[in-house]
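Just below is one structure, and these are the notes that go with it.
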Amino acid sequence: TSSETHDYTCILLFSRSVLTVACEQTEVLLFDPVSSRHIKTLVEAHEDCVNNIRFLDNRLFATCSDDTTIALWDLRKLNSKVCSLHGHASWVKNIEYDTHTRLLVTSGFDGNVITWDTNRFTEEGCPHKKFFHTRYLMRMRLTPDCSKMLISTSSGYLLILHDLDLTQSLEVGSYRILRARRAPLSTEGSSAGSRSGGSRHTIDSKTHPHREGLSPRNSLEVLTPEIPGERDRGNCITSLQLHPKGWATLLRCSSNMDDQEWTCVYEFQEGAPPRPPVSPRCSLRLTHYIEEANVGRGYIKELCFSPDGRLICSPYGYGVRLLAFDEHCAELVDCMPVRTALLREIRSIYSHSDVVLTSKFSPTHCQFATGCLSGRVALYQPHF
């Protein structure tokens with residue numbers, strides 16, 4: 001384990017050759033994950049807190065910030081930005097990249113999801129358009145095959161856009177209308193809620209005339225995922241991750257009172273027979289969960305899957321827990337429970353002197369990294 005101390009660590013991201021660290025202030029740090037050597041500090045990467053990092057390929061990466069901008073960087077020339085993107089009206093929190101359309105996708109606390117055609121950037125700016133808008137937006141992710149977009153909210157909703165087409169902008173009703181249509185969560189019997197892990201509402205092609213036929217593009221599903229112990233209270237979905245093979249989604253949730261915190265895994269139920277239109281099938285089913293330490297209330301804790309999807313690294317107080325679906329670290333599809341089951345704790349590691357806020361596995365090495373509230377970054381690898 002090796003570490004360096006900087007400002008409060010927001011996010012960690014491995015590429016194939018570099019570990020990048022986004023900091024609370026304006027810095028972005030780069031490390032060699034093999035030698036743990038500090039390579040470079042981008043001292044003024046932004047004018048405010050750097051929130052997220054995303055690699056577009058092996059050399060080009062994007063950062064986003066509370067200064068409402070997105071910046072593009074080239075690993076071969078880090079003395080200056082490739083360009084800055086302007087379009088959000090509030091803090092920018094998430095960056096994704098659609099490998100099919102080659103569009104950069106960002107979201108922020110202005111509630112907007114914006115697409116950017118970075119290949120057509122000129123001195124006048126970068127072509128972009130507002131793809132989607134919703135209130136209380138927290139996290140936005142694309143599935144590995146870019147066929148779905150998932151959006152979590154601070155009010156406990158999870159929005160899923162199916163058969164994703166980023167070239168079509170959506171004009172969906174206000175989030176207040178969606179909230180009014182929320183159905184109570186069912187926990188008994190054989191209702192759709194108990195099987196699927198939450199209530200559901202779908203906006204179909206009748207709401208969006210440009211999507212017609214048997215498989216409408218960008219059909220919107222609104223879920224209230226089942227959270228253990230939270231059946232009678234609201235919750236906030238603070239962290240959202242996708243299984244590397246697209247089999248499941250991983251959520252970190254906290255109660256509205258901030259007195260409970262959970263890590264939950266939900267299976268995508270793509271193969272199940274469709275339900276009649278009057279009672280549509282929910283796409284997600286709660287399969288595994290575990291209660292967290294709830295240390296560092298109010299701070300978002302970013303958890304992650306290992307590259308093969310067999311392990312989950314979850315911040316836990318002043319350390320992390322490595323969690324699995326069973327004691328053998330089996331694939332999710334090989335140990336799918338009939339009833340909701342507890343995640344298995346494989347190991348706990350405590351090496352920080354402050355609350356751990358973020359964790360990330362390397363995609364190429366047997367290695368993961370963690371960052372804590374005081375800014376310490378730690379790298380871990382097994383002893384053989």
Side-chain angles (χ1 to χ4, degrees), residues 139 141 143 148 150 152-153 156-160 182-201 221-256 259-273 275 279-294 301 303-306 309-316 321-346 348:
R139 290 287 182 264
R141 297 283 185 265
T143 53
K148 299 181 186 65
L150 281 75
S152 66
T153 71
Y157 288 92
L158 185 66
L159 283 62
I160 306 178
R182 178 180 180 180
L185 196 66
S186 175
T187 58
E188 301 293 339
S190 60
S191 67
S194 62
R195 277 194 296 265
S196 63
S199 59
R200 179 187 193 263
H201 175 69
E221 182 179 11
V222 183
L223 305 173
T224 52
E226 179 183 353
I227 308 296
E230 290 294 316
R231 293 185 173 90
D232 300 322
R233 296 191 297 168
N235 62 83
C236 175
I237 303 172
T238 57
S239 181
L240 167 65
Q241 300 292 337
L242 277 302
H243 189 281
K245 297 179 182 177
W247 294 339
T249 183
L250 177 65
L251 303 183
R252 186 75 170 247
C253 307
S254 61
S255 66
N256 284 345
D259 58 349
Q260 282 184 300
E261 198 171 20
W262 302 86
T263 288
C264 301
V265 178
Y266 299 84
E267 169 204 13
F268 283 111
Q269 299 191 108
E270 300 297 341
R275 294 184 177 278
S279 179
R281 174 179 56 85
C282 182
S283 293
L284 297 179
R285 180 179 75 94
L286 177 64
T287 61
H288 298 81
Y289 71 94
I290 195 167
E291 187 168 4
E292 297 290 359
N294 197 31
K301 289 95 175 182
L303 64 179
C304 63
F305 277 111
S306 61
R310 294 171 181 255
L311 286 174
I312 295 167
C313 186
S314 179
Y316 190 77
R321 290 192 293 186
L322 296 179
L323 308 171
F325 304 112
D326 68 4
E327 64 273 17
H328 305 296
C329 298
E331 292 269 21
L332 175 61
V333 294
D334 295 330
C335 55
M336 193 66 69
V338 176
R339 296 177 179 271
T340 303
L342 283 172
L343 287 165
R344 300 294 185 95
E345 182 178 333
I346 303 301
S348 297

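Scope of the values below: all heavy atoms of this structure, side chains included, with no hydrogens, waters or symmetry mates.
Listed here is the closest heavy atom pair of Ser306 and Pro244: O-CG, 3.5 Å. Residues Ala330 and Phe325 come closest through the heavy atom pair O-CD1, 3.8 Å. Between Arg139 and Ser239, the closest heavy-atom pair is CG-CA, 4.4 Å. What you find for Ala293 and Tyr316 is that their closest heavy atoms are N-CE1, 3.3 Å.
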Under the criterion side chain to side chain contact (heavy atoms under 4.5 Å, CB included), I'd like the reasoning laid out for Thr224 against Tyr157: C-alpha separation, chi angles, the key distance, then a yes or no.
CA-CA 5 Å; Thr224 52; Tyr157 288 92; 3.6 Å; yes
How far apart are the C-alpha atoms of Arg252 and Ser314, what are their side-chain angles, what is the distance that settles it, and do they pass the side-chain hydrogen bond (donor to acceptor under 3.5 Å, both in side chains) test?
CA-CA 9 Å; Arg252 186 75 170 247; Ser314 179; 3.0 Å; yes
Could you walk me through whether Glu292 and Thr263 satisfy the side-chain hydrogen bond (donor to acceptor under 3.5 Å, both in side chains) test, starting with their C-alpha distance in whole Å, then the side-chain angles of each, then the deciding distance to 0.1 Å, before giving a yes or no?
CA-CA 7 Å; Glu292 297 290 359; Thr263 288; 2.6 Å; yes
Quick one: do Leu303 and Leu250 satisfy side chain to side chain contact (heavy atoms under 4.5 Å, CB included)? Show the steps, please.
CA-CA 8 Å; Leu303 64 179; Leu250 177 65; 3.6 Å; yes
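Residues Leu286 and Val265 fail the side-chain proximity criterion, which asks for heavy atoms closer than 4.5 Å. Side-chain contact check for Arg321 versus Ile312: every heavy-atom pair is 4.5 Å or farther apart. You'll find the side chain of Leu311 stays beyond 4.5 Å of the side chain of Phe305, heavy atoms only. Looking at Leu158 and Ile237, their side chains come closer than 4.5 Å, going by heavy atoms from C-beta outward. Side-chain contact between Tyr289 and Leu342: present, with at least one pair of heavy atoms (C-beta onward) separated by less than 4.5 Å. In this structure, Glu267 and His288 have side chains that are not in contact, with every pair of non-hydrogen atoms separated by 4.5 Å or more. The closest side-chain heavy-atom distance from Thr153 to Leu159 is below 4.5 Å.
For the residue pair Glu221 and Ser283, a side-chain donor N or O sits within less than 3.5 Å of a side-chain acceptor on the partner.
When atom types are taken as modelled, the side chain of Thr249 and the backbone of Gln241 share a donor-acceptor pair closer than 3.5 angstrom. The main-chain N or O of Leu240 is found under 3.5 Å from a side-chain atom of Arg141 such that the two form a donor-acceptor pair.
A distance of 7.0 Å separates CG in Asn294 from OG in Ser255, rounded to the nearest 0.5 Å. The distance from atom CZ of Arg344 to atom CG of Leu323, rounded to the nearest 0.5 Å, is 11.5 Å. In this structure, CG on Leu251 lies 7.0 Å from OG on Ser152, to the nearest 0.5 angstrom. Taken to the nearest 0.5 Å, the SG atom of Cys253 stands 11.5 Å off from the CD atom of Gln260. Rounded to the nearest 0.5 angstrom, Leu343 CG and Ile290 CD1 are separated by 6.0 Å. Residue Thr287 holds its OG1 atom at 10.0 Å from CD of Gln269, rounded to the nearest 0.5 Å.
Figure legend: cation-pi geometry between Lys148 and Phe268, with NZ or CZ positioned under 6.0 Å from the six-membered ring centre and within 45° of its axis.
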